[in-house]
Structures are given as structure tokens and as C-alpha cells.
There are 2 protein chains.
Amino acid sequence: MSGEEAPTQQQEPEQEKQPEEPPPPPAAAAAAAADPAAAPAAAAAPQESAGSKPAAEEKRLSFRALVLTGHGGYDKVKLQVKTQAEPQLKAGEVLVRVKACGLNFAELLGRQGLYELLPAPPVVMGMEGSGVIEAVGEDVKDRKVGDRVIVMSRNGMWQEVVVAPANHTFPMPEQMSFEEGAAIPVNYMTAYMMLFEMANLRPGKSVLVHMAAGGVGVAATQLCKTVPDVTVFGTASASKHETIAEGGVTHPIDYRTKDYVEEIRKISPKGVDIVLDPLGGLDTQKGFSLLKPLGMLIVFGAANCVTGQKKNLLAMAKTWYNQLSLNTLKLMQANKAVCGFHLGYITDEQLLSSNMSKLLELYGQGQIKPRIDSCYHFEEVTDAMRRMHERQNIGKVILLPEPKKVEEEKPKSDPEPVENVEKSEAAVSEKKEEATEEVKAEKD
Amino acid sequence: MSGEEAPTQQQEPEQEKQPEEPPPPPAAAAAAAADPAAAPAAAAAPQESAGSKPAAEEKRLSFRALVLTGHGGYDKVKLQVKTQAEPQLKAGEVLVRVKACGLNFAELLGRQGLYELLPAPPVVMGMEGSGVIEAVGEDVKDRKVGDRVIVMSRNGMWQEVVVAPANHTFPMPEQMSFEEGAAIPVNYMTAYMMLFEMANLRPGKSVLVHMAAGGVGVAATQLCKTVPDVTVFGTASASKHETIAEGGVTHPIDYRTKDYVEEIRKISPKGVDIVLDPLGGLDTQKGFSLLKPLGMLIVFGAANCVTGQKKNLLAMAKTWYNQLSLNTLKLMQANKAVCGFHLGYITDEQLLSSNMSKLLELYGQGQIKPRIDSCYHFEEVTDAMRRMHERQNIGKVILLPEPKKVEEEKPKSDPEPVENVEKSEAAVSEKKEEATEEVKAEKD
């Protein structure tokens, strides 16, 4: 796959030129839409293709996309400009011009080949975004052109335009920025479902939030504060303590210099009621030991598997080896609950939709507000990934499809300066399942 | 231990005579009370010892007790009359004349030597009862003589009089019968904590209740109905379906003639939200497979271990072999929760107390009402155990300390007639930890 790449540095992305062909037959398009949980199709002919030359034909469209071209380090994510036929919107679909996308830990895993739900490269990653509806298909009654919406997807959100089922879009409250909208789905749905669907967070309970300055950590903290008298223990490096305390963490704990189990036991000898565990391995065992009777441990990640930029077999083996293994007798004697949570495996549309509605309601009431750590333009994706990988962020890292303007010298926030940023563009055909048919049709 | 037994049939229990000695020194008595979670001490000199000759001395007391004399079949539980010095109530203790006790599955296990929390025989079993306070110790302010109370204990409730910490007693609502009071603690606390402390039962959810006609089953069904729009799948043999349906089971399923997994899938293809599993083994695996995403399996027993009257190593091995074993990765991919619950391992007084208060409130509101299957006098304990063992009961089986009157020919309800009932009495010294000191003191 890398043979197809033509990386260039500090250049405008090249436009991908495709032979001029009619759009794919409706059958193929319909097939792509059959699975409502599938990723949005790469999409749509806007009036002007931002950041690249206007398409030669009325029926062509050009758009910027971040493509994972293979598994490995930061350089595997390339900015490309795609040109393809304008897709026909199928019944129930909408075309969205994406204004902001969320970066998640899942994409760091995906890049390393550790996220089993991501199709093989080349593939456009991205599970969440926000934007403006530019067209609606038949039978779409509750969305209209111009609506500002949040979009959820399995992948494929890191591009300028997407086609999505209308019921994967959620109208944004007026006061919500695109950055905020893109920050809600993955982090807040994860935190909300864990705390209120799986666990039974009630007044007086205590919660251990690991990586409390991360996207899920900030969301979980805010959601904990929607319930009276909840104590939040939050781990983060010391430099972030002031910020997370302001955000609602009752007891910030520096996991780098202290044993968080001991620290928690000092404050609450009986332990905690709920542990949200994105780490895996030994930390899962520690979390289980920290639970009070009737307490619940929710494992929702294995961040301990990830060390360097690339897949680390030793870290994976250690995490796996130290994984908590349980039988029901042990659980009975301990009166404890162990759960697994993975948003990616939840396919119940109604469940997702009802949880999103609750979150938008909480936002409307001012009870939650995404904390945006930093925004990076697509061409700065390496910086964005590095910031999250090195856990420099406090809150959400956002990607902006719109090209960086020349006068903008650095991202909107102030991340550590990073050298050797490789900005790569290529003219690789998009081989994502949904798009394959279209590309083939064009090439026939 | 069996050498000490002197079983007689169809006779009044013999009175255990002890040398006349002063009461034990306060130090020994205080030691027995040091652990608030310990069983109530055998106890107290009432004005007249029911069902036996009045004690010779003012300071002596006689009382009937069901003593587990060894591990094995029904005959290991013997009715004995004990005579001992009147105990001195310590600060915070009350003396209760027991009017009704609950029989639980735990006691069937305990008799077989399968209940690890029960001290070695000889021991008085029984974890719940109701009665009237006859004396209060110092510092007891919120209980007074004459109060009708529910009593919870680790064991030792199957006797006419008990000494218990006042905070292990709960005043009974006026309209509650002693039988109802004795039916609440174990079954309702178990069901309540599972549904509302561990799980997060909310409107619209579905619950699988195994052994829906059993004590916990009936309690769980009633508690499910306190939440709007909850669907209850309940397994029971066909003859009980009408009754459990009246009690609130939405879909009774005959587990003896049908595969309950198939039956549930026919009605609810996606499965259920909560499974309460008292069975263990293969049924735990089936329960896990039946869970919807974000669903929760709560294992709270291993009834599949129990087949005949005595310990069955093969059944235990099978249950153990088929036990669900989990790792967190599997839980994440499934988005499911697995919990263990065991009331006996919960030692948090405040937790127990607050849950009991909620249950008494629900009773007061008419939202729950224990269903009494049958009442057996102490001398009929074999019939009682057999009824539960053979799963003939619908609701709670109650034991009455008061001797059966001659004109009473059968228990108050109408259980199957049972032949070969062995009614055993003996004059074995009570060797329960708490009582040992006292007995020794008397013998010195």
C-alpha cells in the first residue's frame, strides 16, 4: 500500500484525479447503505471543493480526507484529496459537510492495527464529527439542508464531506460550537452509558476515573457532577491537577509518583463504588481490589497495551497476562460486578440515539460542556495524534477538515511544538468498503 | 457429635438440664458481643419456658432450638430443649422471643456442609426471624420491651429466644404478621440489592427470574413490579404458573419441559436486560448468552450443586466445571456485566440497614407483601426442609418455634403429605461459639 503513496512535505494536498465516468449504479449504492451501522460513504459534490481546484465536471466532487494507509506510526495517516462522482443520496441519507471531527484513543489503536473494528487500510478513520447538512435523500423528514448536526459513525468521519443515515445525525443546540459537537459522541456516550446504563450512579457514591484529563475522563467527571454528592478520584499527572479539580475531580491523584490504590485507601478506607478502567492489565486487578461491596468495575479499554508509536508486543503480552480473570464464585464472595464496555460494539440504534438525546439535554441545561483541548487542521494530524499519545491533552483533541490558513501559525491552543511533522498527500484510491464500488465503477 | 444425640420419636423435646451455676463472667459475655455481625447468643429467661417444664431456678431458662448436629440429610437437624443461665444483656443488646423464622436455601446447603459461612456443627442455623422484645440492655434507646421486630443474623435464629444487637432488629409495621416479618430479610434484601444496588432496574427493562416461585423469586417479581413497564420472565414448573403470573411474572416458563433460552428468544429476540441466577453451572452460561448489550448477569447461588439430601460431589463438579469463566476482553466485546451477590458476605451494617428500611417502606405502601407458602412448627422441620428441597413451595417456608398444639393435625398451609418424618430431640450442649463460654461456665 505504501507503494501507492506519494508523500510530499509542506505542500498543498494533491488532487486525486479519476477518469470521468458515470456514478455507480443504484444497486451498488444501495448495498453500501444497507447496514445502518456502516461508515458513512465518502461523499458529495459541494458547490466549491475547499482547499483544492474546483472539480472539472458538475457531477464530480473533490474533498480532503485523512486516510490510514497502513498500520504503524504517525506517518501512516495521510492527507489526501479525493475526486469522485457525486453520490446519489439514498432514501434516509443526508450529505454533511464536516466542520470538526474528534480524535479518539481508538484511532491511535487503529493506526497500530490494534482496533479490531476498523477495516483494513486504506481506510478513513474517525467515529464522530459535526457539520452542516448540504442535501437530504428521500424520506428524510426531520432533517433539512442547513441543519447543524452531530454525526456518529463506525469510521470514515475524517473527511470533508460524508453521506450518513439521517438517524446517525443529531441536531446541535444553537449555542453548541462545531468543536463541541464533535467532542460529544464517543467520550460522552461512553461515560454516560458506563455511569448510568451499566452502573447505577446515585448520590453519595464514589468513582475512580483513570486518565481524568482525557476525553472520557473529563466527560465522566462532568457526568458524575450531575449527581449530588458524588466523590470523584481522578488520576492524572500533577501538572493537570488544578484543571481537573476545577472540572469536578474531588481528589486528583498523581499516578506517576504515587500508588493510587494507597492514596485512595487513605481517603476512603473502604474503597470506591465504581471504577472506570481504560487501562487493562494490572490496573484492572487493582481496580477490582479497590471496589466496595456491591461495587462495579467497568473495563473499557486496554491503554496499557499502547506504549510507543507502533504496536508493542511485549506491552500487549503483559497487559494480557495480567488481565483479570474471574469466576462467579469469586464474584459472589466479593459481592462485586465486573463489566466490559465498548461503544464500537453497540449496534442498537435506539439505545445510542436515546443516550445522545439525554446528553444533548444535559448540554442544554448547562450540566455538561465538552472541554476542547486543542484543534488541528487535517494537515496537522500528526501533531494531534502525538499530543494525545503523549497524554499532553486536557480534554478533547479536535481535527478540522478545513485547510489551515497561511496566517495561522499554530493550532488554536498551545500544544508542545513538534518537529519533523510529515504532511503527506497521495493519490491513492479510497478502498473503503463503501467507496470501493464507486471507484470501480468509475474505472470501468 | 452424633454420639451425644438421644433421638426420640413423637415425644415432647427433652429438657436439657445443666448444673446450677452462676452466670458467666462479664468478660466472656462481652467477648461474645464484640463482633456485631456475629450470631445472636442463645438466650434469656422468659417468665415461662414455652413447651417445657418451667425452669427450676429464677435465673435459669429453657428454650427450644433446632440444632444442626452434623452434615448430612434431614435427620441432622434436631429439636432440642436447652436450659442455661439467664444471659446478662450487654450494652446495645436486646432479648427477643422469636415468633417465626425463615427457612432458606442456605440452610439446605448448610446442612449438607456446603455453606462456608456456617460454623461447624453443632450449631443453630437460621438467618432471619421475627418476634417480640422481652428485655433491652443499656444504651438501647430506640427499642423497648414489647416491640415487634424483625431480626437478622448470620445464624442462630432457629430458637425460641435470642439475644441480638439492637441494630440488627427492625421494628415491624403494625399490619405485618410475624410470618411476613420472618419472610423479609434474606429473600427481599437479596432481591432488592441485586435489582437496585447492583443492577439498575428502570422502566422498560426485562428480567429473567429463575425459580420464580421460590422465596427470592417471589420477592424479585414483586420488586420488579414496583418499576413501571418491567417484563419478568419467570421459570417454574407448570403447576405454579398461574400463581406466579398472578404475582407479577409476565411470562412463566416451564423449565422442566422447555428450553427457557428458546422460549425467551421467541418472545424477546434480543434477550433480556437482567438475569438473576441462583443456579450456577451451565445455567450461568445460558444466562450470559441471553443478555442484551449493557445487560447484567447476577449469580447469587449454585443451586445446581444440590441434588439429593446429601452432598453430591458429581453435581458439584459439574456445576464447577461449567462455571462461567470470563476475561475482561470478552466482556468488552459483549458489553455485558457479570456480578456475584451473596448476602452473607455483606457486613456493612449501614448498607443492610438502609436497604431494610426501604423494604419496610415498600411494605407500608403495599408494594410488596411476602407470600407465605407454609408454616411448620420446629418439630416439623424435616417436612419444611423437604418441601423446599423438592421445590414444592410457592413463596416462603416459615418455621414456628412454638410447639404444635395437639389439635393441629397439619401445617397451616397444605403441603404434600410426607411420610417417615423423623422428629428428633436431644440433650446436646449448645456448642455455638457465643454460647460455649456460658455452657462452660455452668459446668465448671
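Proteins get letters first, then strands, A, B, ... in listed order; numbering begins at 1 in each.
Interface remark: B:M198 contributes backbone and side-chain atoms alike to the contact with chain A (heavy atom separation under 4.5 Å). When heavy atoms are compared at a cutoff of 4.5 Å, A:I298 does not approach chain B at all. Contacts between B:F341 and chain A at a heavy-atom distance below 4.5 Å involve backbone atoms as well as side-chain atoms.
Between chain B and the residues A:D277, A:L117, A:V299, A:L297, the largest count of heavy-atom pairs under 4.5 Å involves A:V299. Contact count against chain B (heavy-atom pairs under 4.5 Å) is highest for A:R202 among A:E116, A:M193, A:R202, A:K330. With chain B as the partner, the residue from A:L294, A:L331, A:N335 showing the most heavy-atom pairs under 4.5 Å is A:N335. With respect to chain B, the highest number of heavy-atom pairs below 4.5 Å among A:G295, A:C339, A:A334, A:G301 belongs to A:C339.
Aromatic ring pairs are classed by plane angle as parallel below 30°, tilted from 30° to 60° and perpendicular above 60°; the pair A:F196 and A:Y192 is tilted.
Between A:N200 and B:E197, the side chains place no donor N or O within less than 3.5 Å of an acceptor N or O (distance only, hydrogens not considered). A:Y188 and A:Q222 are linked by a side-chain donor-acceptor pair at a separation below 3.5 angstrom, with hydrogens and angles left out of the test.
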Steps toward ring pair (Phe, Tyr, Trp, His ring centres under 6.0 Å) verdict (B:H210, B:Y260) = CA-CA 10 Å; B:H210 283 291; B:Y260 64 83; 4.9 Å; yes
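Heavy atoms from other residues, nucleotides or ligands lying under 6.0 Å from CD of A:Q350 number 12 at most.
Looking at B:D348 and A:K270, a side-chain N of the basic residue comes within less than 4.0 Å of a carboxylate O on the acidic one, giving a salt bridge.
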